[in-house]
Amino acid sequence: MEILHVGKMAPDFELPDQQGERVRLSDFRNKKIVVLYFYPKDETPGCVREACAFRDQYEIFQQYAAEVIGISADSVRSHKKFVEKRRLPFILLSDRDKSVSKAYGVKGSLMGLLPGRETFVIDKEGVIQHHFSSQFQAEKHIEEALEVVKQIVDR
């Protein structure tokens, strides 16, 4: 497996969203910056904080032509409930077999017991511009991503 890092093309993928509709990363190419965040599990404390922080900053991401997409191994049904309960305005994708997590090299923590919490900022051309990993600083993912999105737009 190739190691992903800043400057590499982000691997394309296709996964179902919270409505069961298929979404491909390449759907956003040449249209939007993509903030792709991998998180452990719907409705767990850190993941609720992270999702709600993305929700609360979502309009700002939109102003910079950036789309927020969350990915976990939870089911479409679980994502639908999570989106409805937390009023999330963005896409959640179901990576049941963890193939996309593996393609992005998302690592678990605590000896692999917890799925990883990692964020990638991908520019409109599909190139990874930033990668941030922190299992226990959920809200920092939003700060980091927003700062990089602003930098991309200001170039």
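Heads up: numbering here begins at 1 and tracks the sequence. Keep in mind it's a predicted model, so treat the numbers as computed, not measured.
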Can you check whether [Y]'s main-chain N or O pairs, donor with acceptor, with [X]'s side chain at less than 3.5 Å?
X    : Y    : answer
R96  : A73  : yes
Q62  : A66  : yes
T119 : F132 : no
T44  : K41  : yes
H79  : L93  : yes
D74  : S78  : no
R86  : A51  : no

Is there a path of hydrophobic side-chain contacts, each under 4.5 Å between heavy atoms of I/L/V/M/F/W/Y residues, joining [Y] to [X]?
X    : Y    : answer
V6   : I152 : no
F61  : V34  : no
V148 : I122 : no
I71  : I91  : yes
I128 : I33  : no

Parallel, tilted or perpendicular for [X] and [Y], by the 30°/60° rule?
X    : Y   : result
F82  : Y39 : tilted
Y37  : F90 : perpendicular
Y104 : F13 : perpendicular

How far does [atom1] of [X] sit from [atom2] of [Y], to the nearest 0.5 angstrom?
X    : Y    : atom1 : atom2 : answer
L92  : S72  : CG    : OG    : 7.0 Å
S99  : L15  : OG    : CG    : 6.0 Å
S134 : K140 : OG    : NZ    : 8.5 Å
K80  : Q19  : NZ    : CD    : 4.5 Å
L25  : I69  : CG    : CD1   : 6.5 Å

Where do H131 and H5 land on the side chain to side chain contact (heavy atoms under 4.5 Å, CB included) test, with the steps shown first?
CA-CA 7 Å; H131 172 229; H5 55 79; over 6 Å; no

Evaluate side chain to side chain contact (heavy atoms under 4.5 Å, CB included) for Q57 paired with L146, printing each intermediate quantity in order.
CA-CA 9 Å; Q57 299 296 315; L146 191 52; 3.9 Å; yes

Any luck finding a side-chain donor-acceptor pair between R49 and Q137 under 3.5 Å?
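No, Q137 and R49 have no side-chain donor paired with an acceptor closer than 3.5 Å.
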
Is it the case that the side chains of Y58 and E67 hold a donor-acceptor pair, with the cut-off being a distance below 3.5 Å and no angle test?
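Yes, side-chain donor-acceptor contact under 3.5 Å.
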
Please walk me through it: do K150 and Y64 pass side chain to side chain contact (heavy atoms under 4.5 Å, CB included)?
CA-CA 7 Å; K150 289 176 181 177; Y64 286 94; 3.5 Å; yes

NZ/NE/NH1/NH2 to OD/OE distance under 4.0 Å, [X] and [Y]:
X    : Y    : value
E118 : K107 : no
E125 : R29  : no
K81  : D42  : no
D27  : R24  : yes

Which atoms form the tightest heavy-atom contact between [X] and [Y], and what is the distance?
X    : Y    : result
A53  : I142 : CB-CD1, 3.6 Å
V106 : G116 : CG1-CA, 3.8 Å
L88  : R55  : CD2-CB, 4.0 Å
K124 : K31  : CE-O, 3.5 Å

When you look at CZ of R87, are more than 12 heavy atoms from neighbouring residues, nucleotides or ligands closer to it than 6.0 Å?
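At most 12 heavy atoms, drawn from other residues, nucleotides or ligands, come within 6.0 Å of this atom.
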
Take E43 and K85 through the side chain to side chain contact (heavy atoms under 4.5 Å, CB included) test and state the conclusion after the steps.
CA-CA 9 Å; E43 290 301 336; K85 182 174 182 180; 3.4 Å; yes

